[in-house]
Participant: 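Take a look at the following structure, please.
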Amino acid sequence: MSRLQKFKRIVVKIGSSLLVDRETGLKESWLHSIASDIAKLREAGCEVLVVSSGAIALGRTVLGLAATSIKLEESQAAAAAGQIALARVYSEALGKHDLKAGQILLTLGDTEERRRYLNARATINTLLRLGAVPIINENDSVATGEIRYGDNDRLAARVATMVSADLLILLSDIDGLYSAPPTADKSAHFIEQVDVITPEIEAMAGDAGTELSRGGMVTKIEAGKIATLAGTAMVISSGKELNPLQALSDGAKSTWFKPTSTPVNARKKWIAGQMEFCGKITVDEGASGALLSGKSLLPAGVNTIEGDFHRGDIVEILNHDGSVLGRGQIAYDAPDAKQIIGRKSGEIAEILGYAGRAAMIHRDDMILNKGK
Ligand code: GLU
């Protein structure tokens, strides 16, 4: 496990197509091969967490829905039947190596609301401390619409940042990032390493696709943004062959995404991983420079504010040209924030009738794309 050996805590995301065959169901030999890879990593002193898809796909075979196109409530029923089977097979496969599995099913609110986030994190950390391998999935049988992650790439990134993993491995039938979607552009070349996820890198992923093709490169790049911003490296590699972690460790083809170099504290990791913003704050050039040099955002440096947010919500911070500078937890409700933009901090009490915070977003509550 040489290439993976330097990592201490690894989240492995397993795509449905690796685990489940539409016709025949579970791919048992593949599952046993990854269980043996996990056992080797554990022997090398590395903690491993698994974010596994496959509940819906497996449940469709279990319930005899494999050949038909299914409605939402049927796919939720499939998730219920599939998840219980998935949990059992993970537990058996890891058990062969004397490892215990512990199942965690998350919904979006479990990572977006800080109190629930801390609770989920404590449970997962306790499982790890007790030597178990957490097997995590979205709670698909109850999560719907806007309260879903919808894809396990971003869920896995969120979990990786939550537990301060140093590596996130995305295993699927895609071996990495190409300069353009290779199915559409035969001249596309393979990208081995991404230092920073720029708009050019995002464009390489192609379109967001449809509900059916979710989990493609677009969600993987989104996952990369969440992970790298919080200091977790990410790698995309094919899991099609047996023992994919061993293969990756031995140098298999893959795309590596570098994490930001600055250490990120736990609170900032939560901010970095937030998936939805309640508002947008555009700052002037002077403020952009000040933030990049490690200062807090004062009302005087704010040009415009959009959105209906409350104090404590996460908002996106934009440069004056509209490019994204970072995100942070705002210290004011939207109506109050709007009243104090462009004003000196000393004037806040007089304008609002109460002494609010001098900073609209404190530097400890902020994370910039530069990783500060
Ligand atoms: N949570 C879904 C499942 O277990 C998979 C979502 C995805 O593939 O990204 O079936």
Side-chain angles (χ1 to χ4, degrees), residues 108-109 111-115 117 146 154 157-158 161 196-199 201-202 221-222 224-231 260 262 264-372:
L108 189 61
T111 57
E112 302 308 277
E113 279 175 39
R114 183 133 175 102
R115 191 181 293 268
Y117 171 90
E146 64 280 7
R154 289 179 314 143
R158 201 66 175 107
T161 62
V196 186
I197 301 178
T198 57
I201 295 287
E202 286 186 59
I221 298 293
E222 287 301 318
K225 287 201 265 179
I226 296 171
T228 56
L229 197 56
T260 53
T262 329
V264 182
N265 71 31
R267 183 178 167 68
K268 288 201 178 190
K269 282 190 176 150
W270 174 68
I271 295 173
Q274 285 284 309
M275 303 210 276
E276 272 152 18
F277 303 111
C278 304
K280 286 184 178 166
I281 309 274
T282 307
V283 304
D284 63 27
E285 263 178 280
S288 299
L291 299 193
L292 288 169
S293 69
K295 302 262 170 27
S296 297
L297 175 64
L298 302 178
V302 175
N303 280 344
T304 56
I305 288 183
E306 276 173 53
D308 182 21
F309 48 81
H310 294 285
R311 181 174 176 216
D313 284 346
I314 306 297
V315 296
E316 200 164 29
I317 308 170
L318 307 176
N319 289 307
H320 72 289
D321 62 0
S323 57
V324 178
L325 180 59
R327 71 253 316 256
Q329 195 172 26
I330 190 134
Y332 288 94
D333 290 343
D336 290 357
K338 285 175 188 163
Q339 283 194 63
I340 57 173
I341 59 177
R343 308 296 287 265
K344 295 207 175 68
S345 299
E347 296 175 290
I348 295 175
E350 203 187 312
I351 300 168
L352 299 180
Y354 64 88
R357 280 220 192 172
M360 196 170 270
I361 303 177
H362 193 271
R363 57 166 193 253
D364 293 344
D365 300 336
M366 180 189 309
I367 181 143
L368 302 181
N369 286 357
K370 288 266 159 67
K372 289 228 169 72

Participant: Which heavy-atom pair separates Ile361 from Asp365 by the least distance, and what is that distance?
Facilitator: CG2-O, 3.9 Å
Participant: Ignoring hydrogens and angles, tell me if any N or O in the side chain of Asn319 forms a donor-acceptor pair with the backbone of Asp321 under 3.5 Å.
Facilitator: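 It does not hold such a pair.
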Participant: Drop me the distance from Ile281's CD1 to Ile341's CD1, to the nearest 0.5 angstrom.
Facilitator: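 Ile281 CD1 to Ile341 CD1: 8.5 Å, rounded to 0.5 Å.
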Participant: Specify the closest pair of heavy atoms between Trp270 and Ile314, including all atoms of both residues, with the distance to one decimal.
Facilitator: CZ3-CD1, 4.1 Å
Participant: Partners of Arg114 by salt bridge (charged side-chain N to carboxylate O under 4.0 Å, His left out), sequence neighbours excluded?
Facilitator: none
Participant: From Asp308 CG over to Cys278 SG, what is the distance, rounded to the nearest 0.5 angstrom?
Facilitator: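 These two atoms lie 9.0 Å from each other.
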Participant: Donor-acceptor check, side chain of Thr161 to backbone of Gly273, threshold 3.5 angstrom: yes or no?
Facilitator: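 Between the backbone of Gly273 and the side chain of Thr161 there is no qualifying donor-acceptor contact (under 3.5 Å).
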Participant: Roughly how far, to the nearest 0.5 Å, is CG of Leu368 from CG of Leu292?
Facilitator: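 That separation rounds to 6.0 Å.
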Participant: Salt bridge (charged side-chain N to carboxylate O under 4.0 Å, His left out) with Glu285: which residues, sequence neighbours excluded?
Facilitator: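 Result, salt bridge (charged side-chain N to carboxylate O under 4.0 Å, His left out) vs Glu285: none returned.
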Participant: Report all side-chain donor-acceptor pairs from residues 294-304 shorter than 3.5 Å, counting only partners two or more places apart or in another chain.
Facilitator:
residue, atom, partner, partner atom, Å
Ser296, OG, Arg363, N, 2.9
Thr304, OG1, Thr282, OG1, 3.2

Participant: Any sub-3.5 Å donor-acceptor pair from Lys268's side-chain atoms to Met366's backbone N or O?
Facilitator: yes
Participant: What residues form a salt bridge (charged side-chain N to carboxylate O under 4.0 Å, His left out) with Glu222, not counting sequence neighbours?
Facilitator: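 If we apply the salt bridge (charged side-chain N to carboxylate O under 4.0 Å, His left out) test to Glu222, skipping adjacent residues, the hits are Lys225.
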Participant: Tell me, with the steps shown, if Val315 and Phe277 meet side chain to side chain contact (heavy atoms under 4.5 Å, CB included).
Facilitator: CA-CA 5 Å; Val315 296; Phe277 303 111; 5.7 Å; no
Participant: Return the set of residues passing side chain to side chain contact (heavy atoms under 4.5 Å, CB included) with Glu347 (not counting sequence neighbours), or none when no residue passes.
Facilitator: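 Partners of Glu347 by the side chain to side chain contact (heavy atoms under 4.5 Å, CB included) criterion, ordered by chain and then number, come out as Arg343, Lys344, Ile351.
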Participant: With heavy-atom distances below 4.5 Å as the criterion, would you say the side chains of Glu202 and Ile197 are in contact?
Facilitator: yes
Participant: Closest heavy-atom contact between Arg158 and Tyr117?
Facilitator: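 Heavy-atom minimum between the residues: NH1-CE1, 3.9 Å.
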Participant: Determine all donor-acceptor pairs shorter than 3.5 Å in which one atom belongs to a side chain in residues 324-340; sequence neighbours excluded.
Facilitator:
residue, atom, partner, partner atom, Å
Arg327, NH1, Ile271, O, 3.1
Arg327, NH1, Ala272, O, 2.5
Arg327, NH1, Gln274, O, 3.4
Gln329, OE1, Arg267, NH2, 2.0
Gln329, NE2, Gly312, O, 2.9
Tyr332, OH, Arg357, N, 2.8
Tyr332, OH, Arg357, O, 2.5
Asp333, OD1, Arg311, N, 2.7
Asp336, OD2, Tyr354, OH, 2.5
Lys338, NZ, Gly307, O, 3.4

Participant: Side-chain contact, heavy-atom cut-off 4.5 Å: Leu318 with Val283?
Facilitator: no
